[in-house]
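Everything below concerns the one structure shown next.
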4 protein chains.
Amino acid sequence: MTDKKERILQATEELLAKHGFHGLSMNMVAKEAKVATGTIYRYFTDKDDLLYQLHDHILTIVAQKITQHISDAMPLEQRFRTMWLNIWKMATDSEAPLINRGQFENMPHRGKQYKIALEKTLFAPVHKMFDEGKAQGLFKPLDNEILAALSLEPSAALARKHLTGIFTVSDEARDAAINACWDALITH
Amino acid sequence: MTDKKERILQATEELLAKHGFHGLSMNMVAKEAKVATGTIYRYFTDKDDLLYQLHDHILTIVAQKITQHISDAMPLEQRFRTMWLNIWKMATDSEAPLINRGQFENMPHRGKQYKIALEKTLFAPVHKMFDEGKAQGLFKPLDNEILAALSLEPSAALARKHLTGIFTVSDEARDAAINACWDALITH
Amino acid sequence: MTDKKERILQATEELLAKHGFHGLSMNMVAKEAKVATGTIYRYFTDKDDLLYQLHDHILTIVAQKITQHISDAMPLEQRFRTMWLNIWKMATDSEAPLINRGQFENMPHRGKQYKIALEKTLFAPVHKMFDEGKAQGLFKPLDNEILAALSLEPSAALARKHLTGIFTVSDEARDAAINACWDALITH
Amino acid sequence: MTDKKERILQATEELLAKHGFHGLSMNMVAKEAKVATGTIYRYFTDKDDLLYQLHDHILTIVAQKITQHISDAMPLEQRFRTMWLNIWKMATDSEAPLINRGQFENMPHRGKQYKIALEKTLFAPVHKMFDEGKAQGLFKPLDNEILAALSLEPSAALARKHLTGIFTVSDEARDAAINACWDALITH
DNA sequence: GATGAATGAGCCTTCATTCAT
DNA sequence: AATGAATGAAGGCTCATTCAT
């Protein structure tokens, strides 16, 4: 990726995190990226395009963070706990706040097929974990999307509440939450 | 509530659902509500104020829908299933599309104290259910916010995926998901 | 004059003094006068009409203040000094700041004939003083308008400077200024 | 100064002279200056800023006109008469109509310190004349601001009356007025 | 490729005026 | 006569996008 394009994406992410969607103008992006306004339009057809590409860019990073420190050799439960905590840490460390804050939820999407394909690739280790668990008879025999909603989504949900300051979660409570999610996942 | 004010809120909700935050202009709202632009400002000081009030308005309706057909006399599990399905239905009937697109999460709030207090009142039956479950030793001894994230949030998450067309959930899968959420909730 | 009309004029004057032309809306006037918005239009055809009438209203008061404590029996110099000080006092007491602040300068005028006639009536004692002075050979044989510009205008000009805070005038300086204006007025 | 900026100031001045403060909109200014609305905001942060800068711009021109054809070598009386007539001419030639309509007086200022400093520089020859006259014992020992109000202000006042058509001043009357102002200025 | 001045549609908001009650 | 809710044109200002250099 060109140096300039990288800088533009970087600048956009920072400004988005700092001021939100509302206060994001192309001129500000250009200034922050130390680039002329018109230059942005050499790399992105549109403001929307810039945001789309940023979305993918961030999604990639998020996926990497979520599947960090995971190897297929690890026992299933350990993999699960690690992922759950990876999600949690992203929020509390506020290292990738953009997606967790739902800033991207309001963005117009490109075709859904595209999104599904992208996520399938990025979150392959997650799918692998669910597939293995189901093959072993350990996990409930449900679609991966459902299993994710049951067992990982709560982590994001809690993190969001934590982030907005609605209420705070202690370490013990967090560990108990992980166990509860595990309960949702496995057969009894 | 005045006829006009009601119509303005209604129009705002519809436009928000249709075009998102990005494409919501006061003139559009006025047109949709069949009201002069200036009239909006008799009932709302600001665009922000309009959004705030809409937030509360929707939250109230959502809370009513979620706690519909619930009485304290019903057994805990029945209450839980009913609520879970209430959430689900809101999405699939697309009666209140706003909530399920995540548009709702990112609406501007007034102070968080205000929001916490409001939610406490509106979702009283939910809290009651969790409290009773914990008192009986049936539910895990965790904060209500956490229990909600474990057991009800997945319903909303699935509904959202369902709505965006990412994938479709069969009736059987849905029931299995409810059971899984119940597993997350209860002690084993 | 009706009670209501009087109250409306009163309210307009106060708001004009407080917020200037810029921040004067009919709704504010109505509120300040404790009258319904529509009521204003029973007494004044227009906003402009309201301002015109206010102008005359204030001009009358100003004329009264300027010619206060003046009688035709007083010696000419005493009359002159009294008037000069009356003008000065209006500013420093900030009792009638509206005209001195030039708030009215920008107003569209009705026919100039009207204005000339009105001023002739209101400022009759001033004209009388100049006429007598010229008849006695004490004052320069110039048009009254010119004599006013030479001898009384400086009072208003100084008062304006004083009011805007550009610089402050001591009592001694003020008296010297009066003498200088007298010098401008009389033959040498 | 840029071509565009100059054109915008020019257009503002003309519109102000034509329609007054009341009817001055940024769109009109843009149209008159043959510039896009947004362009104005590249050179002026605000409507207020535009007016401020116009104020200074005009004040500079006014100062130049008033101190035109003046040299320190000229006798005091000649300097005085020249300045007085310079002021007078500005009105009668209607070359700079803005100043004489009082529109100028009410233009928004930045801090008063700023204005005082600016005027000190621009009107240096005027101050010099007064200072020399006082040093020679020819002029009354009063503050320059007061001397200006006594001797030059009447010129502006008469010019204003002349311009609004309230009454007309013959050449002889005008010369007599200059003499009268000189009387106000000198010791007797 | 890169620049950044210029554009102008569109946004939020105000306010003089009307009119059904 | 009086009310005040409703109107909608118009105002100040922003910002995505273009294009001459």
Side-chain angles (χ1 to χ4, degrees), chain A residues 2-5 7-8 22-31 33-51, chain B residues 2-5 7-8 22-31 33-51, chain C residues 2-5 7-8 22-31 33-51, chain D residues 2-5 7-8 22-31 33-51:
Chain A
T2 327
D3 172 43
K4 293 220 165 122
K5 183 169 185 181
R7 258 156 55 203
I8 293 167
H22 190 76
L24 184 80
S25 79
M26 297 301 262
N27 275 326
M28 275 178 64
V29 170
K31 205 185 233 174
K34 285 177 174 141
V35 154
T37 324
T39 305
I40 300 179
Y41 290 84
R42 296 209 74 78
Y43 299 100
F44 306 91
T45 60
D46 236 342
K47 189 184 190 183
D48 274 356
D49 185 44
L50 168 59
L51 260 14
Chain B
T2 327
D3 174 42
K4 294 241 162 90
K5 184 171 184 179
R7 257 158 57 204
I8 292 166
H22 190 76
L24 184 82
S25 83
M26 297 303 264
N27 277 327
M28 278 177 61
V29 170
K31 208 184 232 173
K34 290 186 163 106
V35 152
T37 324
T39 304
I40 300 178
Y41 291 85
R42 290 203 71 74
Y43 299 100
F44 307 92
T45 56
D46 240 346
K47 190 184 189 183
D48 272 358
D49 186 43
L50 170 58
L51 261 13
Chain C
T2 328
D3 173 43
K4 293 223 164 117
K5 183 168 184 181
R7 258 157 55 205
I8 292 166
H22 190 76
L24 184 81
S25 79
M26 297 302 263
N27 276 325
M28 276 178 64
V29 170
K31 204 185 233 175
K34 283 176 174 141
V35 153
T37 323
T39 304
I40 299 178
Y41 290 84
R42 297 210 73 78
Y43 299 101
F44 305 91
T45 60
D46 235 344
K47 191 185 188 183
D48 273 356
D49 185 44
L50 169 58
L51 260 13
Chain D
T2 327
D3 174 42
K4 294 241 163 87
K5 185 168 184 181
R7 256 157 58 204
I8 293 166
H22 190 76
L24 184 81
S25 83
M26 296 305 262
N27 278 327
M28 276 177 62
V29 170
K31 209 183 232 173
K34 289 187 162 103
V35 152
T37 324
T39 304
I40 300 178
Y41 292 86
R42 290 203 70 75
Y43 299 100
F44 307 91
T45 57
D46 240 347
K47 190 183 189 184
D48 272 358
D49 186 43
L50 170 58
L51 261 13

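Labels below follow one simple rule: chain letters A, B, ... track the order of the sequence lines, proteins then strands, and each chain is numbered from 1. None of these values were measured; they are calculated from a predicted model. Heavy-atom basis, side chains included; hydrogens, waters and symmetry copies ignored.
If B:Met28 and C:Gly23 are placed on DNA chain E by their nearest nucleotide, the residue sitting closer to the 5' end is B:Met28. With the nearest nucleotide of DNA chain E identified for both C:Thr45 and B:Tyr41, B:Tyr41 has the one nearer the 5' end.
In this entry the distance linking CG of C:Leu51 with P of E:dC15 reads 14 Å, nearest Å. Atom NZ in A:Lys31 sits roughly 12 Å away from atom P in F:dC15 (whole-Å rounding). Look at NZ on C:Lys47: it is 15 Å from P on E:dT14, rounded to the nearest Å. Distance CZ (B:Phe44) to C1' (E:dT13): 15 Å, rounded to an integer number of Å. Atoms NZ (A:Lys5) and P (E:dG1) sit 12 Å apart, rounded to a whole Å. Remark: P of E:dA16 and CD1 of C:Ile40 are 9 Å apart, rounded to the nearest angstrom. Atom CG in D:Leu50 sits about 15 Å away from atom C1' in F:dG11, given to the nearest Å. Rounded to an integer number of Å, the gap from C:Lys34 NZ to F:dG4 C1' is 17 Å.
For the side chain to side chain contact (heavy atoms under 4.5 Å, CB included) test, residues two or more places apart in sequence or in another chain that qualify with C:Tyr43 are C:Thr2, C:Lys4, C:Lys5, C:Ile8, C:Thr39. Under the rule for a side chain to side chain contact (heavy atoms under 4.5 Å, CB included), the partners of A:Ser25 that lie at least two apart in sequence or sit in another chain are A:Asn27, A:Met28. Taking A:Asp46 as the reference, nothing meets the side-chain hydrogen bond (donor to acceptor under 3.5 Å, both in side chains) condition, with sequence neighbours excluded.
Residue contacts for A:Met26: at a heavy-atom cut-off of 4.0 Å it reaches a base atom on one of the strands shown.
Within the 3.5 Å criterion, the main-chain N or O of A:Arg7 finds no donor-acceptor partner in the side chain of A:Lys34.
Listed nucleotides: E:dA16, F:dG12, E:dT14. Nearest to the side chain of C:Ser25: E:dA16.
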What pattern of brackets, bars and dots sums up DNA chain F from 5' to 3', given Watson-Crick or G-U wobble pairs under 3.5 Å, [ ] for crossing pairs and | for another strand?
.||||||||||||||||||||

List, with names and distances, any nitrogen or oxygen atoms from the protein found under 3.5 Å away from nitrogen or oxygen atoms belonging to nucleotides 4-6 of chain E.
residue, atom, partner, partner atom, Å
E:dG4, N7, A:Gly38, N, 3.2
E:dA5, OP2, D:Arg42, NH2, 2.2
E:dA6, OP1, D:Lys4, NZ, 3.1
E:dA6, OP2, D:Tyr43, OH, 2.5

